Each structure stands twice: as C-alpha cells, then as structure tokens.
Amino acid sequence: MAEINKLDYKGVWIVAEQRRGILHKVSFELLGKGREIADALKCELAAVLLGYNIENLAMELIKYGADKVYLIDHPDLKDFNDEIYSSAIADLANMYKPEIMWTGATAIGRAFFPRVAIKLNAGLTADCTGFEIDLNERNLFQIRPAFGGNLMAKIITPERRPQMSTARYKVFKALQKDESRKGEIIKPQIMIDSSKARAKMLEFIEEVETTVNITEADIIVSGGRGLGCPENFKMIRELAEVLGGAVGASRAAVDSGWIPYSHQVGQTGKTVSPKVYIACGISGAIQHLAGMQSSDIIIAINKDKEAPIFSVASFGIVGDVCEIVPALTERIKKG
Amino acid sequence: MNIVVCVKQVPDTTNIKVDPETGTLKRETAGTTINPFDLYAIEEALRTKEKLGGKVTAITMGPPMAKEILKMAIGMGVDDAILLSDKKLAGSDTWATAYALSMAIKKIGFDIVFFGKQAIDGDTAQVGPSTSEFLDVPSITWVKKIREINEKEVIVERMMEDGVDVVKSTIPVVLTVVKEINEPRLESLKGKMRAKKYEIPIWGINDIQADENKVGLKNSPTRVAKSWTPERHFGKVEIMDGADTNEKVEKLYMKIKQLGIIK
Ligand SMILES: Cc1cc2nc3c(=O)[nH]c(=O)nc-3n(C[C@H](O)[C@H](O)[C@H](O)COP(=O)(O)OP(=O)(O)OC[C@H]3O[C@@H](n4cnc5c(N)ncnc54)[C@H](O)[C@@H]3O)c2cc1C
Ligand SMILES: Nc1ncnc2c1ncn2[C@@H]1O[C@H](COP(=O)(O)O)[C@@H](O)[C@H]1O
C-alpha cells in the first residue's frame, strides 16, 4: 500500500445526517466531541451536509460548534443513497483531506461509511463510544464495545488517513446551542451523478409506533418472560407512561408473541443506553445485557435474587412484578 | 442465479458464562457456532434459489475449524461451500476481510451476495457494505423483506430507525439481512448426510489472486491497541428491602425521586 504523508491531512469532520429535512441529534453530539478534539489538535471542526433544500440546516450545525459547513445541495441527494452519498463524501475527502472523519452509527452511517472507507483506503472503526487523542502522533484512540459490550477495545489507525469512525448515538454530549456563533458555509463543486447509481429509493414507510422509539427514549421500562402472560404488558406500559418512557422487552417476551420485535432489546434486538432502564421479570441473559448494560441507571425487579440482571443493576427489588410494578405506578401517580 | 452467502464462525454466547467473582466473561468455556445473523442470510439465499433457480455457495474466511459452520450450511441445503483459509489472512480487519472475500466471490461468480447484519463478536456490520464496494456493486443493508425479485432487479424493504425504506436495485447486488426477514430452516437429515461426505475446498490467497500486501494483521488499516473487560456494578446492587411490597416500593420511589427521574 502506498505510503501517505499524514501531515497532509488536517481538520476534524462530522458528516451530518438528515432525513426529510431534519438533522439527527447524533450530529450535534459529534460536533460537541469534535470541538474538543479539534481544539486539542489546534485545527478546524467542519460539518459536511448532503441533501436537497437543506441550506437552512447548515447554520444549525455552526450554532452547535462547527467552524465550517461543506454543503452539497442537489436534487439527487434528496433521499439517502448508498452509492451517491459514499462517492460524494469520498470525493470531498480527497479534495480537502480531513485528518478525522466521523458520522453517526445509525442505519445510514453504518451503511455508507464502510463504502467510503474502502474508496479512501482508510480504516473504519464501528460504533464508537469514546474518543481520545494522542497529540504526539496525532493518532485517534477509538474506543468501542465488542462482543455485545462484554469487551472494550481501543482501536488506532496508525498509518492511514482520514481516521474514520461511526459513533453511537446518545453517548457524547452536544454543546449548548449558541445563536451568535458565526461560521463559513462552503459549497464545493462536486459531481453528483445519479445516473451511476444502480439502487434507488422508491418510498419511505413510516412505522407508526404508539410508544416512543426505544432508541430515542431516556427512560425504558422492559418486560420479560417473568410477566407470565401478554396481558401483563399493560402494567409495563402504564409504568412507562407515568415516567414518560418507552416500552422494551426481552427476546423471550417477543418470541412468545407478547409484543412486537421492534421492542426487543439485546444482541439480536436494539442496543439502547437510556438514562434509566427498568427490567421487570427479565433474568438478564448475556444477550439481553448486551443491549442495555451501558444504561446510566439500571433498576431490576425480579423474584429471584440470584437472577444475573442484579449483577448489572444499581437498584433492585426482589419480589413479584405483578405486585411491584402496579404499586410503583400508583405511588408515582400519587406523587 | 449465482447466489453467494457469507458466513462467520463466532464464539457461542449461549454457553458463555459470567464469572460470578468478577462479572467478566469466561470466554474459554464458550465453544464456537455460526454467527446467528448468518442463518437468516443462508435461509434467504435458499429461498431466492427456490424462486429463481441456480446455485447457492456458502463461503467463510477463517481458521480450518471454521469448516464446521460450512457443514451446517450444507446441512441446511446450500449446494457448495468454500473455506478461505491462509496464514497470511490472519488478523485481517474489516477492510482486509472485505477485500479477501471480494476476491473469492469474484472467483466463484455472483449475482446476489447475502450477508448477515453483523457478526456478534466484532459487532461491526461493516464487512457486507465494504465487500460491495470492492465488488463495485450496489449494497442494501438491514434488509427485512425481499418484495420482488427477478434475474435483473430486486425490490427490498430496508429497516431504518424511523420506518422502512423501499429500495430497488439492479442485480448484481449485495444484501445484508436482519432477523425479521425469515425463519431459518433446520438442517435436514439428508443435508447432514451430504455434509458428512462433502469435501470442503480450501482456498488460500494465491487461489483468489489476492495481493498479500492488502491482507492480514500488518496490512489492516485499523489495529487493536488494547482490549479489556468493562467494569460492572457487579455485587454493588442496592436492594430495596422491606417487610412488604409497599415498603419496598416506597424505598424505590424515594430513590428515583432523589435521582430526579420523576419530577
Ligand atoms: C443468538 C441469541 C441471541 C439472542 N438475542 C437476544 C436479544 O437480543 N435480547 C434478549 O432479550 N434475549 C436474547 N436472547 C435470548 C436470551 O438468551 C434469553 O433467553 C432471554 O433474554 C430471556 O428472556 P427473559 O429474561 O425475559 O426470560 P427468562 O430468562 O425466562 O427470565 C424470566 C425472569 O423473570 C423472573 N420472574 C418470573 N416470574 C416473576 C414474577 N412473577 N415476578 C418477578 N420476576 C419473575 C424469573 O426469576 C426470571 O429471572 C438471545 C439468545 C441467543 C441464543
Ligand atoms: N470472516 C468472514 N467470512 C465470511 N463472512 C464474513 C466474515 N466476517 C464477516 N462476514 C460476513 O459479514 C457480516 C457482517 O460481519 P461484521 O462486519 O464482522 O459485523 C456477517 O454476518 C457475515 O455475513
């Protein structure tokens, strides 16, 4: 592989994500962390924004910490497209040579960043939850969980640039929005040629969920096989409702048909890291822990005091969920 | 139709035990198995063949013992299996793995390549889309349903955080699949018999004309500088004791109120 001159590469880039004109919050969070790393490296923090009719969003990115926004506004960028987006970002990176390039570890980020990394001959670290910088070598330490969170790894990309990572949502802190912040909006001349794309988005079908999306929620109340029957999910929903949270579930509950798969937390479900996770009648199998153990506070309610869920919980009640959960809901309602 | 399915051998988390002293995984007790997501990829490959005809080839890159999961794939009904195994490939990251797989897939010949959503050891979900870039074909990740498929085109539903994107692509294409897409079949008796007799070809990097300067630990862009087991609350849980439900609930209520969880 041809040697590159690492010093040719400068600046921290956040590839922002927007869908239908709304910026994903992970973009602001990454700007927050990016600001810290860019300041340490004494370089610029830039956001990259692709889409159509989205110029108004560029200023938002500046207010959240970007010095610059590279904006590409083009009709063919209206919908996310793996091939078009990855070509555009790779072209931009070849043009400006950023030293570090991040995007959110979302469905979109995880779909197209790998393609960009191959085009750029760069390494890519998935789903990072921490970043540190080594100022001597200007190497980025990319910290990430593997093995469903049972192992942590610190990854470096010593010889290639840019240093690319996707980063987990709700881990990094966004800066306070600063309405007075000024920055530059740059509109680079990049060829967008949609005729080259062989895949095309036909339509979007919104999933109408009555409850809050669990990956977004600050509080999740989850139910497992310990609930005993589907009807008992009602008390989980009621507790979630008084707390303003979302409803999660173990695979056992999902496989029993008590609740749809979209609520499943764990290795083969969703990974969540809310402020509070309340596990009701869930044993805490490794595959379940994989999806929720990075929650700030874990509360377990289980009749078996030996249940492994207590090994990751901060607080717990040993007892029958069918008594505890309704009593807790009532107590909260009473205030 | 030339259908290829990529499968990986991973530690078996169903048998993994947590050390009660430290809260860490006892990995040595684990054993290995096929990456659970790859079963859905195999099933969808078989269903696609049942619809359009052709042949399904399963491939894995790994140590010689990774043969076991290929035997399983044959048991389920794939026609052929290939083990990509070479000392020079050891320690490859997702970039190098995707490169090597793409060279092997080119040699096999392909119309559709199926991948699992992610492997449960590395959890990266990067090998599928990266391979598609090396193959210079479109990729659609996190597919939960194939709506329509023929020799030239495929229409799929892709799982996003807020719903479903319906995407149409020309063939050849790379698809990575999620659990919702199907219910994987079990190995059949006939399949198991066939697997017993089937001699799995082993390809090294020379067989696939891969550049040895692009594979293996030392040519991988990313490097693991350090790894460790995360600290857990282990043994530090505060149990809300009480004579009855009300007392326990009252204690928990006060606790969550203190923490500002309820206003
Ligand atoms: C490859 C693979 C992937 C997997 N992926 C996932 C995943 O993504 N998510 C996931 O959750 N699981 C996953 N699993 C399954 C996992 O191994 C467990 O089987 C599952 O999490 C168990 O769910 P549970 O805790 O609800 O049920 P159980 O293990 O049956 O536990 C029920 C618990 O409820 C308690 N209980 C019973 N009655 C009461 C009561 N009245 N009051 C209070 N407590 C009570 C019991 O003490 C017990 O601890 C996976 C498994 C495999 C092999
Ligand atoms: N060594 C490998 N050999 C064959 N397929 C692989 C290998 N590693 C990953 N894959 C495939 O790529 C998918 C995603 O894996 P990963 O990117 O490692 O999370 C898996 O579900 C497999 O289909």
Side-chain angles (χ1 to χ4, degrees), chain A residues 1 82-83 106-107 110-111 114-115 117-119 122-127 141 146-158 160 198-207 213 215 243 261 267-268 276 286-287 297 308 310-319 323-324 327-328 331-332, chain B residues 13 16 18 23 25 36 93-95 98 120-126 129-130 133-134 138-142 159-170 179-180 213-214 219 221-230 232-234 237-240 245-246 248-249 252-253 255 259 261-262:
Chain A
M1 200 107 311
D82 308 65
E83 290 172 272
T106 56
R110 297 184 84 164
R115 300 197 68 138
I118 303 303
K119 286 180 194 288
L124 174 60
T125 307
D127 204 20
F141 292 118
F147 229 120
N150 289 298
L151 193 71
M152 298 299 294
K154 192 181 261 188
I155 312 277
I156 50 170
T157 320
R160 314 276 184 99
R198 296 154 287 189
K200 203 176 108 200
M201 163 129 158
L202 300 181
E203 61 172 322
F204 167 67
I205 305 168
E206 190 166 0
E207 213 169 76
N213 180 341
T215 56
L243 291 169
Y261 170 64
Q267 188 179 67
T268 45
V276 186
I286 275 175
Q287 299 89 356
I297 298 172
F310 287 120
S311 71
V312 297
S314 325
F315 309 108
I317 292 188
V318 178
E323 288 175 21
I324 311 260
L328 183 61
R331 184 65 189 83
I332 296 168
Chain B
T13 62
I16 238 170
V18 178
L25 286 189
D93 74 350
T94 59
W95 194 101
I120 60 160
D121 50 357
D123 287 332
T124 83
Q126 286 178 181
S130 300
E133 185 62 39
F134 279 116
S139 51
I140 312 173
T141 47
W142 301 7
M159 207 166 85
M160 307 301 280
E161 285 87 0
D162 50 356
V164 163
D165 279 0
V166 183
V167 182
K168 175 164 139 175
S169 172
T170 56
K179 172 181 189 283
E180 274 182 315
N213 298 313
K214 288 187 176 178
N219 299 305
T222 60
R223 214 140 301 163
V224 179
K226 190 181 149 196
S227 71
W228 67 96
T229 356
R232 302 211 186 188
H233 293 281
F234 209 80
V237 58
E238 192 181 325
I239 297 287
M240 306 291 134
T245 298
N246 281 340
K248 295 177 189 172
V249 166
L252 183 61
Y253 173 76
K255 201 89 213 172
L259 291 164
I261 295 169
I262 39 178

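Here the structure is a predicted model, which means the values were calculated and not measured. Letters A, B, ... mirror the listed sequences (proteins, then strands); counts begin at 1.
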**Message:** As an exercise: rank Thr141(B), Ile120(B), Val167(B), Val164(B) by heavy-atom pairs under 4.5 Å with chain A and give me the winner.
**Reply:** Val164(B)
**Message:** Checking the side chain of Lys179(B) only, and the main-chain atoms of Thr268(A) only, is there a donor and an acceptor separated by less than 3.5 Å?
**Reply:** no
**side-chain contact (heavy atoms from CB on, under 4.5 Å) between Ile205(A) and Val166(B), worked out** = CA-CA 8 Å; Ile205(A) 305 168; Val166(B) 183; 3.9 Å; yes
**Request:** Using side-chain contact (heavy atoms from CB on, under 4.5 Å) as the criterion, list what pairs up with Lys226(B), not counting sequence neighbours.
**Result:** Lys154(A), Trp228(B)
**Fill in**
Most heavy-atom pairs under 4.5 Å with chain A, out of Asp165(B), Asp121(B), Val224(B), Ile239(B), belong to Asp165(B)
**Request:** Identify which part of Lys168(B) has an atom lying under 4.5 Å from any heavy atom of chain A, answering side chain, backbone, both or neither.
**Result:** both
**Prompt:** If you take all heavy atoms of Ile261(B) and Leu243(A), which pair is closest and at what distance?
**Reply:** CG2-CD2, 4.3 Å
**Prompt:** Between atom CZ of Arg331(A) and atom CG of Leu252(B), what is the distance when rounded to the nearest 0.5 Å?
**Reply:** 11.0 Å
**Message:** Can you tell me which portion of Phe315(A) sits under 4.5 Å from chain B's heavy atoms? Options are side chain, backbone, both or neither.
**Reply:** both
**Asked** CG/Asp82(A) to CD1/Ile140(B) distance, rounded to the nearest 0.5 angstrom?
**Response** 7.5 Å
**Request:** Can you see which heavy atom on Pro221(B) is nearest to which on Ala122(A), and at what distance?
**Result:** CB-C, 4.0 Å
**Complete:** Scanning both residues in full, the closest heavy-atom pair of Val318(A) with Lys248(B) reads O-NZ, 2.8 Å
**Message:** Shorter than 4.5 Å, heavy atoms on both sides: which option in Arg115(A), Lys119(A), Glu83(A) has the most such pairs with chain B?
**Reply:** Arg115(A)
**Complete:** Nearest heavy-atom approach of Val249(B) to Leu328(A) is CG1-CA, 3.6 Å
**Best-contacting candidate, Ala146(A), Gly316(A), Pro158(A), against chain B by heavy atom pairs under 4.5 angstrom** = Gly316(A)
**Item:** Atom pair CZ/CD of Phe310(A) and Glu238(B) - distance to nearest 0.5 Å
**Value:** 13.0 Å
**Asked** Most heavy-atom pairs under 4.5 angstrom with chain B, which of Ile297(A), Ile118(A), Ile155(A), Ile324(A)?
**Response** Ile118(A)
**Fill in**
Taken to the nearest 0.5 Å, the spacing of Glu206(A) CD from Met160(B) CE works out to 13.0 Å
**Message:** Looking at Trp142(B), I'd like to know if the NZ or CZ of Arg110(A) sits under 6.0 Å from its six-membered ring centre while staying within 45 degrees of the ring's axis.
**Reply:** no
**Message:** If I take atom CD from residue Glu323(A) and atom CG from residue Asn246(B), how far apart are they, to the nearest 0.5 angstrom?
**Reply:** 9.5 Å
**Prompt:** If you take all heavy atoms of Thr94(B) and Leu124(A), which pair is closest and at what distance?
**Reply:** OG1-O, 4.4 Å
**Prompt:** To the nearest 0.5 Å, how far apart are OG1 in Thr215(A) and CG in Asp162(B)?
**Reply:** 9.5 Å
**Asked** Which pair of heavy atoms, one from Thr245(B) and one from Ala327(A), lies closest together, and at what distance?
**Response** CG2-CB, 4.1 Å
